[in-house]
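Take a look at the structure set out below.
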Amino acid sequence: MCGIVGYVGKRNAVPVLINGLKRLEYRGYDSAGVAFFDRDNRIGVRRCAGKIKDLESSIKREKIKSFTGLGHTRWATHGRPSEENAHPHRAGGIVLVHNGIIENYFELREDLKRKGHVFTSETDTEVICHLIHSYSKDGRSFEDAVREALKHVEGAYALGVINEKEPDKILAVKKDSPLVMGLGDGEFFIASDIPAFLKYTRDVMILENNELVSITGKGVSISNLATKKPVKKEITKITWSPTMAEKGGYRHFMLKEIFEQPRAIADTIRGRISPEKGVVNLEEFSMKAKDLEKLSKIFLVACGTSWHSALIGKYMIENMAKVPCEVDIASEFRYRNPIIPKNSFIIVITQSGETADTIAAQREAQKLGAKVLSICNVVGSTSAREADSVFYTHSGPEIGVASTKAFTTQLTGLYLFSIALAKAKGILNKREIKELFSELLQLPEKVEKALHINAQVLKIARKFSQVHDFLYLGRGINYPIALEGALKLKEISYIHAEGYPAGEMKHGPIALIDNNMPVLALAPDDKVLEKILSNMEEAKSRGGKVIAVATEGSTKVLAHASDVLFMPKTNYYLTPIIFSIPLHLLAYHVAVLRKCNVDQPRNLAKSVTVE
Ligand code: F6R
């Protein structure tokens, strides 16, 4: 997730772009850059690794005067954070900024290299620049070169492109990455999100996939990318306050991040599988099939919510690939003298890549001779740099302290890893893998559908927001979701909550149940459904108020709970992703009703860099 911005108008462009980038810094902040037409109508590019304020101070002294330009704030996906990998990218007279992920960049780059193109970065983006440049050399107009180049590009993009031959013009186009346009008085903006230009205009056009926008100081024209047919668009008047706009109109980052999950999961899958061939692209894990074949044991190590992912990972790996797993809390692993047999492997899971206990556990494992795979969200973080292989989740920056989209994208990564391992070991055949892929490809849409439960969850939150304790029950692969639901409620609403394997209730926790104790049961339609229904009944008969999360169509749950939240059906392994959604929403709404600081709960930090 990166942020792009573009400006054409009467103001000095660079300060407008820098201001826009600051408003988009929540989308990424590991490097930044701007491009602008100078007095001689040549394109100047200034980039630097680091935050936008670093870019601002490095160019301040130059006193650049320009009326057209592009800006970018980066959240690395392909290529570490560095000046060479920062946008804008240039090929000949073509300069562009990009937000998204290009799936077929590797093949495109190799092809362009054979034709003599020289690449200066490790990014997927640079291929688009070279493609447009190569097509504009064939005598095509700027617009047609963009149209032709994008015919060859697979993946998601929002692009702003400028061409030295046509000063004061920006072309912008999108597919599956957000892009909006701001219309001022004789000035025009493009951006990944509205806050980038809200200071200057509240008149906005939301661009759709495959719309090509051509912007000059005189006006804007929009056409279909493929057919060139003109597109008519409504102007929307934005009434949000600047702080609301930064959160995309949501009240808190946590809620925004919960609703971003369809996009985050789709981006994490993008380019990582070849559905027709039935393979997971192992280079995305920086691994080879032969590394996986010989694996005989896996340790999954993490903290907090990431540890819940690890627990679910064990179910996925052991069931799909039949490799035994041990799951450790990182702060325990490092001090317990773990016995790591030959051919075993450590997976550390960390959103930030900077959690002190996780890093220490990773180093301990490496000291003991084990290879480490880091499933991590932050490119270039300590865990990612020091690991032997890395799988990046593409959820984009997570700002709310309570982890949500990072969690479900970690689970997506573990699902892919389990399939890759099962294939390398010859346990899953092509047909079985295709079925697993087919369900995975439907996941973003099912998550979108699951989010429709929000209003119903709010009603339940109103009923229970003043309780003192909460019990969460789950079984099998959904037991860790009970732990996750309880952790989220504890950390943001300060209500005492416990997650339990439902079968364990009768060995102690049942003593706590009375009519002040809500019990949330995860009751998907799987082989242990009857068992969890009995556990719900046990709680109900002791006065407990039972809320169930169940699979749509599974009506027998209704008789055992006072409230039932029905979720879209998916396969066994992906159920935890769908079932975590109402639990994250419940914690969120309860916390808001209790007037808690949702995004920055007391005593907590986003990244725990101390032991
Ligand atoms: C809970 C939460 C924390 C983190 C934990 C590990 O909502 O966010 O429990 O999961 O601090 O952080 P990472 O994944 O950055 O290592």
Side-chain angles (χ1 to χ4, degrees), residues 75 252-258 260-261 264 268 300-313 327-334 346-363 365 372-387 390-414 472 480-495 497 499 576 580-581 583-588 590-591 596-611:
W75 176 259
H252 297 99
F253 280 110
M254 182 182 175
L255 190 62
K256 174 173 178 279
E257 286 160 7
I258 290 174
E260 260 171 24
Q261 288 178 102
T268 301
L300 295 128
V301 183
C303 300
T305 285
S306 298
W307 177 67
H308 299 153
S309 293
L311 290 170
I312 295 167
V327 181
D328 272 272
I329 288 183
S331 54
E332 292 297 318
F333 180 84
R334 59 185 293 201
I346 314 292
I347 300 180
V348 299
I349 306 170
T350 168
Q351 186 283 129
S352 60
E354 301 295 348
T355 302
D357 286 320
T358 307
I359 303 291
Q362 173 171 341
R363 287 178 181 157
V372 171
L373 163 69
S374 170
I375 297 185
C376 181
N377 193 37
V378 181
V379 174
S381 59
T382 306
S383 172
R385 283 197 318 272
E386 295 188 7
V390 189
F391 177 86
Y392 286 117
T393 50
H394 288 163
S395 56
E398 198 179 55
I399 310 230
V401 162
S403 190
T404 53
K405 61 177 180 169
F407 174 61
T408 48
T409 53
Q410 287 167 354
L411 296 180
T412 308
L414 285 162
Y472 288 74
I481 295 298
L483 297 178
E484 172 62 7
L487 174 64
K488 283 284 120 68
L489 192 72
K490 273 190 271 225
E491 68 178 330
I492 61 170
S493 76
Y494 319 138
I495 292 177
S580 65
I581 288 165
L583 273 59
H584 286 169
L585 285 169
L586 181 65
Y588 170 78
V590 169
C596 298
N597 185 341
V598 173
D599 284 333
Q600 286 169 337
R602 70 186 181 203
N603 308 337
L604 292 175
K606 183 65 188 158
S607 180
V608 186
T609 52
V610 289
E611 199 184 332

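When a ligand or atom number is given, it counts from 1 through the structure's own listing order.
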Problem set entry | Flag if over 12 foreign heavy atoms under 6.0 Å of CD, Glu386 | yes

Exercise. Do Thr358 and ligand 1 have an N or O pair less than 3.5 Å apart?
Worked result: no

Exercise. Looking at atom 11 (O) of ligand 1, what's its closest protein heavy atom, distance included?
Worked result: Val608 CG2, 4.1 Å

Problem set entry | Listed partners of Glu398 passing salt bridge (charged side-chain N to carboxylate O under 4.0 Å, His left out), at least two apart | Lys606

Exercise. Is a donor on one side and an acceptor on the other found under 3.5 Å between the side chain of Ser352 and the backbone of Glu354?
Worked result: yes

Exercise. To the nearest 0.5 Å, what is the distance between CZ (Arg363) and OG1 (Thr358)?
Worked result: 11.5 Å

For this session: List the closest protein heavy-atom neighbour of atom 4 (C) of ligand 1: residue, atom name, distance to the nearest 0.1 Å.
Result: Thr305 N, 4.0 Å

For this session: Answer with yes or no whether Glu354 contacts ligand 1, where contact means a heavy atom under 4.0 Å from a ligand atom.
Result: no

For this session: Can you sort out which atoms of ligand 1 are near Ser352, meaning under 4.0 Å from one of its heavy atoms?
Result: 13 (P), 15 (O), 16 (O)

Exercise. Is the closest N or O pair between Leu487 and ligand 1 shorter than 3.5 Å?
Worked result: no

Exercise. Heavy atoms only: which of Thr355, Val401, Ile492, Ile375 is nearest to atom 13 (P) of ligand 1?
Worked result: Thr355

For this session: Go through ligand 1 atom by atom and flag the ones less than 4.0 Å from a non-hydrogen atom of Glu491.
Result: 1 (C), 7 (O)

Exercise. For atom 6 (C) of ligand 1, which of Gly304, Gly353, Cys303 has the closest heavy atom?
Worked result: Cys303

Exercise. Hey, does Asn377 sit under 4.0 Å from ligand 1 if you only count heavy atoms?
Worked result: no

Exercise. Side-chain contact, heavy-atom cut-off 4.5 Å: Lys488 with Ser403?
Worked result: yes

Exercise. With a 3.5 Å cut-off and no angle check, do the side chains of His252 and Glu257 form a donor-acceptor pair?
Worked result: no

Problem set entry | Enumerated ligand 1 atoms positioned under 4.0 Å from heavy atoms of Lys488 | 7 (O)

Problem set entry | Flag, side chain of Gln261 to backbone of Thr408, donor-acceptor distance under 3.5 Å | no

For this session: Indicate whether the side chain of Ser374 and that of Gln362 have a donor and an acceptor atom separated by less than 3.5 Å.
Result: no

